[in-house]
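Read the structure below first, then the notes.
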Amino acid sequence: MEYNPADIERKWQTYWRENKTYQTEENSSKPKYYVLDMFPYPSGSGLHVGHPLGYIASDIVARYKRHSGFNVLHPMGFDAFGLPAEQYAIQTGQHPSITTETNIQRYRDQLNRIGFSYDWSREVQTCDPSYYRWTQWIFLSLFNSWYNEGSQKAESMETLIAHLNQWGTKNLQAACTRSLSLEANDWNNATASKKEEILQNYRLAYRSESWVNWCPALGTVLANDEIKDGFSERGGHPVVQKQMMQWSMRITAYAQRLLDGLDSLDWSDSIKESQRHWIGRSEGALLEFSLDNQLSLQVFTTRPDTVFGVSFLVLSPEHPLVVALTTAEQRGAVQSVREKAARRTERERMADTKTVHGAWTGAYALHPFSKEKLPIWVGDYVLSGYGTGAVMAVPAHDSRDYLFAQQYGLPIREVIAGGQIDKEAFESHEGIVVQSDFLNGLSVAEAMKLSIEQIEQQGLGQGRVQFRMRNAIFGRQRYWGEPIPIAYDTDRPVPLLVEALPLVLPEVDKYLPTEEGEPPLARASPWESSDGFPLETTTMPGWAGSSWYFLRYMDPHNTESFVGAEKAQYWGQVDLYMGGAEHATGHLLYSRFWNHFFFDRGWVPYAEPFKKLVNQGMIQGVSAFVHRIVGTQTFVSASLASSYATTQLPVDIALVNEKDQLDCPGFQAWLPEYAAAAFILDSDGGMLLEREVEKMSKSKHNVVNPDAVADAYGADGLRLYEMFLGPLEQSKPWNTQGISGISTFLRRVWVLFTEKSRQPNEQEKQRALKTAHRLVHKVQYDMDHFSFNTSVSAFMIAVNEWSALSALPVEALERFAVVLSPFAPHTAEELWGLLGHTPSVTHQPWPIVDVSFLIDDTIPYPVQFNGKTRFQIDIARETPASEVESLVLAHEQTLKYIDGKTIKKVIVVPGRIVNIVVG
RNA sequence: GCCCAGGUGGCGGAAUUGGUAGACGCGCACGACUCAAACUCGUGUACCUCUGGUGUGCGGGUUCGAUUCCCGCCCUGGGCACCA
C-alpha cells in the first residue's frame, strides 16, 4: 500500500468536520488553554506560503495542549473591513461585502486545506452586523466613560457629572484635552450644548479639532501607525498635515499603565521596546516665561538643570500665540515660515531633518530667574503636538537648538562643564553645572532636582511627566467600516441608544465622497437617526474591530453582551498569541488599551489581554531575473551576461526550473510584450537566470501558493516543511526543492507502519523503545521552547534509527503516532488507525517519558589534548573522576599524543569530557 | 543618528548550564537497480599546503577548554526618527 496524502487528507478533513473533532468544550472541568492567531485581512490574492507559518506553529501548540489534557480554544476569523475591498468597489461598483465574502471563502478553503484544528463554529467577521453591533456598543461605552486619575481607572460619565454638579472642576483629577477651571455654578447653569462641549473634554471617545495625517489620494485621515516613511501604508500615497474636527480615542490616559504593563508580559524584547519607545515617557518640568503684556508662555523641558543656559525661546509655527506676539515688522518673515511648514508633507519633513527654518517674532520673554530678555522665535523644528508646542532653547546642550542658534547667530551659553561647545552641543548628563546662580557646582542629577524644587516653590511651573504618544484619531472618511453610532442635534453629538444598534451600513450609489467633500455615508438618504437627527458620516478605523475580537471568540453568539462575564472569567488571558511583528505599535497597543478599559469597567478579569506573544518570521521569496540586452528584445543567459549591456527584468518563478533556468516558450507566452523574445543560450543550451531573496509578494512575481505545495506534497508535507525551514521567529527564504526530504521522510514513516514486522526480539525492542522515549522527550522540550524545526529533525532521526531494525514493537509506533500528530495530523490519524485503534488520535494522552531510556550505561568520553579532541573512549557512567583519569592516561592513544611532553594538568569533567594539558 | 534582532559549510540550519562545531535536510559526487532515464536504495561531502594544520563576521581578552562570557569594530535585517 502506497502512502497517498491526497486521499488520507481528504478522508480526515471530512471526518473532523463531521465529528466536530475540534469543537471547544463548553463548561469543561479541564484546565483551559487559549491559542490565538492574529486574524487575517482577506485580501484578493489569497494566501502565500509565508502566511501559514505562524498558523502552523500555533496549531501544533493547540494540538499538543489537547494531548496534554487541556480544553483548547483555537479559533479563527476575519478582519474584514478595510481599504482594498473599498478601492475595488470604487473601481468596479461591486459592493465591498461581495468581494469580502468571496475572499473569505477562499481563505477558509485554503486554511482548511492545511488541516488546521480551528473551531469554526466560533468564527467572527468584523464586517458582520452581529459583530460590529458590539464594536459600536464599545464605542458608546468609551463615549460614556472618563479616566479618573485619582482612582487610576476609567469610570462611567455619571461619576464625573456628579463631581461637576457638586464641585465644578475643583479637585477633579481627570485625563482631558485641556485643563478647565469651572465652578459648580458655571456647570449647572450651562446649556445642554455647552455641557456637552465640557464633557467632550473628558470622554474617552471624543471629538476635537486636531492636527491629523490627511491622505488626499485615499480621501481620509490616517493614524500614525498607518503611515510608513511619510506615505500611507496601504497604497503608498503621500500624507500631509491638516487640522480637522475628528473623533479620537483618549489612549494617552492609559500611557503609564500601558508602559508598566509591559513588564509582566512574556513578549519579545524588540516588541516591548518598540511599544516603550512609541509611548515615549519623559520626565521634566513645565516652566512659565512671562511676556511684556501680561501673557505668559509655557514650555516643557526635560533639562530644567540647564535653565540658565536658555538664550531664546522657540514656538512651533502652529502655536496659538504666534499671531498675537509677532510684531508688524516681523509679520512677513513669520508668515512665510508658517506657510512653508503648512505646505510640507510628512515625507519632506522627515527627509530633511538637517536644516531648520525659523524667524524672530519681534517679541521677548523674561527669564524666570534672571529676568533677562530672551527673544521669541518661530521654528519649524518645534512640533505643535508635543509638550506645549514651545521650547526653551539651550543651544549649548541640545543639538537641535545648537543648529538653530548657529544658523541665526543666537548666543550659545555653556552651563554644564565638560564639552566643547564651540564644536557641538554637549548633551551628556556627566558634568558639573556652571554659570547658573544657585545651581553652580551641582551634578546634573542634583541640579534637576533642585531646579524643579525652585520652579515649584516660586510658582513658575511644576515637574511633569510627558508622553510622546498622541491620542488616536478614530474617524475615517471611508465607506467600508463600522458606522459611528452618533447623531447630531445641531452640533451636539448625541449617542444612539443601545437598542438602536447595530447601526447598519447604508446602501450608497457610489463609494466616493460627495461633491461637497463629505464622506461616502453622506450619500445615503436619509442618513439620520430614528428621531430625524443627521448621523455621523465617518466610519471607524481598521483597528476598531480587531481591538476586541479575541474576547468575542470566548462567547461568539452572545446577544446580551459582547462577552459573558463567566466566559471571560474562564478563558482569562490569551495564553499564546501568534502573529507578525508588524503589529507592534498598532493593533497590539490599541488592543491593550481597550482591554485595560474593559478591565476598569469590570467586564474582563485581566488588564493585559495577551500573556505570551510570539512573532513568526517572514518567509521570503526567491525572485528570478532575466537579462535583456539593452534596447532589444533579445535575452541572454546569466552566464554570458557580462559580455553584454543588459538590464534585469523580473520573471514569474513558475517559469523557472530547479537549475535556475528559464522556460523560454513559457516566458514568450507569459506576457504579450515577450512574445517576440529571442534568446542567447549558454553552452549547455540553458537560459540561466539571476536569483535574489526578497519579500514574497505578487508584484515581485515570486509567490509560492500553499495549495499548490499541498497538492504536490500533501498538507502534512507542507506543515512539516514550513517548520523544518528554521527557527519560527527568524526570516528565511522559501525553497520548494528542499521539501523532497520531507516527502522521503513521510514515505519512510509509512513503510515502518505498513511493512515492518511488529515482532522484535528483546534487544530490538529495547533499542526501538529507547529511540521512542528519546523522541518524545526531545519533542516535549521543543514544544516548551517553540523550537519546531528541531522536532522535525528528531522525527527523522527516529525514523532513520528504526529503519535500520528488522522489527518494531507496537508501543514505539503508538508513541510516534501521537507525538507526530500535532505536526502531521492527517498522517498521524491514519497511522493510529493502522495500529488498530479507533479514531481519533486528537485526544490521546501525550506519552510519558521513561527517563531510564534517556541515560546510557557508558559515556563516550572525548579526550582532548590542549583543548583539541583527538579520540573517544567508552567509560562506564558511574566511574569516579580519578578512575576516568587513570583509564585515559593508560590508553594506548594517549601515549602517542603526549609524545614525550610533560603532562601539566588533567581536567576531568565527570560525564562530559577529559582534557590533558601537555607542554 | 538612536533602539532591537542577527552573522556558523555550496544552501536552510543544529549544538539545552562554557565541554567532541557542522546534527537533520537540500544540493553535489560516486555506486546499486534499469536497455536508458526518473524514482528508490547505499556511500561520501567544512576548508587547506593533508601522519598535520585552520575554522562559527573582524580584532583583542578571560579560561584547561569559547559558536556560547567580556571589550572594541564591521556587516545584514527590522523598528523609531526634529518628541525639547
Side-chain angles (χ1 to χ4, degrees), chain A residues 228-229 268-278 280-282 284 299-303 306 314 316 349-350 352-356 379-383 385-394 397-401 403-404 466-470 581-582 584-585 615 617-618 620 622 658-659 720-721 724-727 729-742 744-745 747-748 778 781-782 784-785 787 789-797 799-800 803 860-872 896 904-909 911-918:
Chain A
K228 284 270 172 294
D229 298 329
S268 74
D269 287 338
S270 65
I271 297 268
K272 289 208 244 184
E273 272 307 306
S274 26
Q275 290 213 355
R276 286 193 187 105
H277 190 251
W278 188 267
R281 184 185 197 275
S282 51
V299 303
F300 173 71
T301 177
T302 55
R303 295 297 301 272
T306 63
V314 190
S316 71
R349 198 173 64 77
M350 286 166 53
D352 174 28
T353 59
K354 287 285 162 277
T355 57
V356 283
D380 64 354
Y381 78 102
V382 177
L383 304 177
Y386 184 77
T388 61
V391 303
M392 57 175 225
V394 185
H397 305 289
D398 181 286
S399 55
R400 297 152 304 183
D401 297 341
L403 194 64
F404 195 82
Q466 184 71 40
F467 294 95
R468 175 157 51 191
M469 184 168 64
R470 313 289 162 81
E582 67 273 19
T585 47
N615 299 116
M618 203 168 39
Q620 295 147 315
V622 184
E658 66 279 0
K659 292 196 170 78
L720 285 165
Y721 187 55
F724 188 58
L725 278 179
E729 307 198 29
Q730 249 172 51
S731 290
K732 55 243 160 186
W734 177 269
N735 169 15
T736 303
Q737 268 182 70
I739 201 172
S740 66
I742 295 288
T744 308
F745 160 74
R747 272 196 307 277
R748 295 182 69 183
K778 171 66 179 155
Y781 177 89
D782 288 344
D784 296 335
H785 295 82
S787 174
N789 54 327
T790 49
S791 289
V792 180
S793 302
F795 289 128
M796 290 174 172
I797 291 167
V799 167
N800 290 347
S803 296
Y861 273 90
V863 180
Q864 299 184 331
F865 293 83
N866 292 340
K868 290 187 180 67
T869 307
R870 296 302 183 181
F871 59 92
Q872 276 182 15
K896 180 175 136 199
K904 288 186 171 163
K905 198 171 176 183
V906 180
I907 292 120
V908 178
V909 184
R912 283 241 109 112
I913 205 163
V914 177
N915 189 11
I916 298 169
V917 186
V918 296

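Each chain gets a letter, A, B and so on, in the order the sequences are listed, and its residues count up from 1.
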| request: For B:rU43 versus B:rU63, give the span between their C1' atoms, rounded off to a whole number of Å. | output: 40 Å
| task | Provide, to the nearest angstrom, the distance between the NZ atom belonging to A:K732 and the P atom belonging to B:rG6. | result | 14 Å
| How about A:R870: does its CZ atom have over 12 heavy atoms from other parts shown lying under 6.0 Å from it? | yes
| Under 4.0 Å between a side-chain N/O of A:Y386 and OP1 or OP2 of B:rA84, yes or no? | yes
| field | From OH (A:Y721) to CG (A:N735), nearest 0.5 Å | value | 5.0 Å
| Spacing of the P atoms in B:rC26 and B:rC41 (rounded, Å) | 10 Å
| Which whole number of Å gives the distance between the P atom of B:rG6 and that of B:rA15? | 13 Å
| said: Does a side-chain N or O of A:N800 approach OP1 or OP2 of B:rA23 to a distance below 4.0 Å, or not? | reply: no
| query | Base, sugar-phosphate, or nothing: which does A:S270 touch, judged by heavy atoms less than 4.0 Å apart? | reply | sugar-phosphate
| query | Any donor-acceptor pair under 3.5 Å linking the side chain of A:Y861 with the backbone of A:Q872? | reply | no
| Within the pair A:S282 and B:rA84, is there a side-chain N or O less than 4.0 Å away from OP1 or OP2? | yes
| task | Identify whether any heavy atom of A:S740 sits under 4.0 Å from a base atom; if not, whether one sits that close to sugar-phosphate; answer base, sugar-phosphate or nothing. | result | sugar-phosphate
| query | Any side-chain N or O of A:Q730 under 4.0 Å from OP1/OP2 of B:rG13? | reply | yes
| What distance do A:Q466 atom CD and A:R468 atom CZ have between them, rounded to the nearest 0.5 Å? | 11.0 Å
| Touch class at under 4.0 angstrom, heavy-atom based, for A:K778 against every strand present | base
| said: I need the CD1-P distance between A:I913 and B:rA66, as an integer number of Å. | reply: 11 Å
| Inter-nucleotide P distance (B:rG10, B:rU45), Å rounded | 15 Å
| Atom-to-atom span, NE2 of A:H277 to C1' of B:rG78 - whole angstrom | 14 Å
| request: Assign A:K904 to base, sugar-phosphate, or nothing according to its heavy-atom contacts below 4.0 angstrom with the strands shown. | output: nothing
| request: Using atom NE2 of A:H785 as one end and atom P of B:rA14 as the other, report the distance to the nearest whole Å. | output: 14 Å
| Dot-bracket for RNA chain B, 5' to 3', counting Watson-Crick or G-U wobble pairs under 3.5 Å, with [ ] for crossing pairs and | for inter-strand pairs? | (((((((..(((......[....)))((((((.......))))))(((...)))..(((((..]....))))))))))))....
| query | Roughly how far apart, to the nearest Å, are B:rC71 and B:rC24 at atom P? | reply | 36 Å
| A:I739 has an atom CD1; how far is it from atom P of B:rG25, in whole Å? | 15 Å
| request: Mind checking A:V382 for me? I need base, sugar-phosphate or nothing, with any heavy atom below 4.0 Å counting as a touch. | output: base
| request: Look at A:R870 and B:rG52 and indicate whether a side-chain polar atom (N or O) is within less than 4.0 Å of OP1 or OP2. | output: no
| query | Which nucleotide in the list B:rU20, B:rG12, B:rC39 gets nearest to the side chain of A:R747? | reply | B:rC39
| Between atom CD of A:Q275 and atom OG of A:S270, what is the distance when rounded to the nearest 0.5 Å? | 10.5 Å
| field | Contact under 4.0 Å: A:R276 side-chain N or O vs B:rC3 OP1/OP2 | value | no
| query | Which whole-number value in Å describes the distance from A:Q872 CD to B:rU20 P? | reply | 10 Å
| query | Considering only the P atoms, how many Å lie between B:rU16 and B:rG27, rounded to the nearest integer? | reply | 28 Å
| query | Can you list the steps and then say if A:I742 with A:M796 is a side chain to side chain contact (heavy atoms under 4.5 Å, CB included)? | reply | CA-CA 9 Å; A:I742 295 288; A:M796 290 174 172; 3.7 Å; yes
Give each protein N/O atom lying under 3.5 Å from an N/O atom of nucleotides 62-65 of chain B, with the pair distance.
unit_1: B:rC64; atom_1: O2'; unit_2: A:N915; atom_2: ND2; d: 3.2
unit_1: B:rC64; atom_1: O2; unit_2: A:N915; atom_2: ND2; d: 2.7

| Can you tell me how far CD of A:Q730 sits from CG of A:N789, rounded to the nearest 0.5 angstrom? | 8.5 Å
| What's the base orientation of B:rG31: syn (chi within 90° of 0) or anti? | anti
| request: With sequence neighbours excluded, tell me which residues meet salt bridge (charged side-chain N to carboxylate O under 4.0 Å, His left out) with A:K272. | output: none
| message | Quick check on RNA chain B: between A:T869 and A:P727, whose nearest nucleotide comes earlier from the 5' end? | response | A:P727
| Under a 90° cut-off about 0 for the syn range, is B:rC26 syn or anti? | anti
